[in-house]
Amino acid sequence: MRFVSAEDIDKFVSPRDLVEALRDGFAHGCEAPLRSHFNMERSNEDDATFLIMPAWQKDGAAGVKVAAVVPGNSARNLPAVSGTYILLDAVTGQPSAVIDGTKLTTRRTAAASALAADYLARKDTTDMVMVGSGAMAPQLIRAHASVRPIKNVTIWNRNGDKANKLAGEIAELGFNATGTDDLEGACKAADLISCATLSTEALVRGDWLRDGTHVDLVGAFKPTMRETDDAVMKKCRIYVDSFEGASAEGGDVVQAIDSGAIAKSDIIGDLFGLTRGEVKGRESDGECTVFKSVGHSLEDFAAAVAVVKAVGK
């Protein structure tokens with residue numbers, strides 16, 4: 001049985017590699033039941049969430065991710081999401097690899113957002129706003145830059161010091177990166193806005209979006225959480241990673257439906273439809289689009305298979 005570390009994933013698999021692995025995964029599909037998630041009560045901090053995400057292919061490999069989302073880890077200087085992925089042999093069902101699930105999760109999540117952006121963001125997208133500066137932020141920036149010519153990155157966080165620190169790290173990768181405390185001003189000048197926070201209230205507002213903006217929503221994985229207001233949903237053409245997951249768990253979508261701002265029928269398509277050519281992505285440079293992901297076990301499975309194959313070469 002192979003053990004694949006976070007360092008192995010970063011060394012052997014590029015952001016674009018994972019985008020293409022997910023493109024192929026969504027196009028061909030696999031058996032992927034809706035994930036199981038359980039609330040874990042905490043006495044002196046926000047509750048944690050325990051996740052179990054299985055997936056398998058007919059006559060093929062199988063895998064499962066066991067993960068926890070712990071909002072209180074921010075104060076501990078630890079990632080909010082941690083976990084382990086176990087990949088099973090296609091023939092025997094025996095464990096064939098144990099993969100660092102924390103790194104796999106951040107990398108595959110970013111790849112899913114970049115895959116969506118490849119269908120939804122304008123081809124000339126150069127200016128990106130990153131809302132949040134946690135473990136997901138640098139992965140999202142690198143992934144989006146693998147499908148679009150991102151040059152300028154503005155980073156916002158409630159803690160300005162963290163935004164400035166990340167901006168310095170991103171600048172070392174060759175981007176023109178800066179931290180800001182003016183989220184509204186940054187959003188009004190953005191081609192792409194990516195949000196990866198654990199917010200329970202709207203951070204980005206619809207009247208901040210200029211024509212042609214693409215909004216990428218990664219946080220708000222529970223119905224009680226959200227990163228945008230209803231106006232964003234009303235203004236944008238809406239896409240999700242999967243209809244079943246986003247309409248049940250994605251707070252930005254769920255709350256906008258509950259308020260009557262949008263209907264379920266306003267969700268135009270998901271990554272299955274986009275990759276298979278069953279739904280259209282962006283149709284004009286002037287329209288605004290939004291992609292809401294809550295995570296799908298197919299993403300972990302496709303990424304795990306790609307990682308093990310790359311490491312084994």
Identify whether [X] and [Y] are in the same connected component of the hydrophobic contact network (ILVMFWY, side-chain heavy atoms under 4.5 Å).
| X | Y | answer |
| --- | --- | --- |
| Ile150 | Leu166 | yes |
| Val147 | Phe291 | yes |
| Leu271 | Ile238 | no |

Donor-acceptor contact below 3.5 Å, side chain [X] vs main chain [Y]:
| X | Y | answer |
| --- | --- | --- |
| Asp100 | Lys103 | yes |
| Arg148 | Arg122 | yes |
| Arg205 | Ala231 | no |
| Asp89 | Ser96 | no |
| Arg16 | Ala111 | no |

Assess whether a salt bridge exists between [X] and [Y], defined as any Lys/Arg side-chain N lying under 4.0 Å from an Asp/Glu carboxylate O.
| X | Y | answer |
| --- | --- | --- |
| Arg76 | Glu45 | yes |
| Arg210 | Asp191 | yes |
| Lys264 | Glu244 | no |
| Asp10 | Arg107 | yes |
| Arg42 | Asp47 | no |

Using only heavy-atom distances, determine whether the side chains of [X] and [Y] contain a donor-acceptor pair under 3.5 Å.
| X | Y | result |
| --- | --- | --- |
| Glu227 | Ser199 | no |
| Asp270 | Ser242 | no |
| Lys65 | Ser297 | no |
| Ser5 | Asp8 | yes |
| Thr49 | His37 | no |
| Asp216 | Ser194 | yes |
| Tyr119 | Arg23 | yes |

Checklist entry - For Glu278, does the CD atom have more than 12 heavy-atom neighbours from other residues, nucleotides or ligands under 6.0 Å away? => result yes
Where is the tightest heavy-atom contact between [X] and [Y], given as atom of each residue plus distance?
| X | Y | answer |
| --- | --- | --- |
| Gly269 | Val279 | CA-CG2, 4.1 Å |
| Ala256 | Asp230 | CA-OD1, 3.4 Å |
| Asn73 | Pro79 | ND2-O, 3.0 Å |
| Arg282 | Thr213 | NH2-O, 3.8 Å |

Next on the checklist: Using 30° and 60° as the class boundaries, would you call the ring planes of Phe272 and His296 parallel, tilted or perpendicular?
Outcome noted: perpendicular
Checklist entry - Can you check salt bridge (Lys or Arg N to Asp or Glu O under 4.0 Å) on Arg237 and Glu287, steps first, answer last? => result CA-CA 8 Å; Arg237 300 179 72 218; Glu287 67 190 12; 3.1 Å; yes
Checklist entry - Does the pair Glu201 and Arg158 meet the rule for a salt bridge (Lys or Arg N to Asp or Glu O under 4.0 Å), with working shown? => result CA-CA 13 Å; Glu201 60 185 22; Arg158 285 192 175 93; 3.6 Å; yes
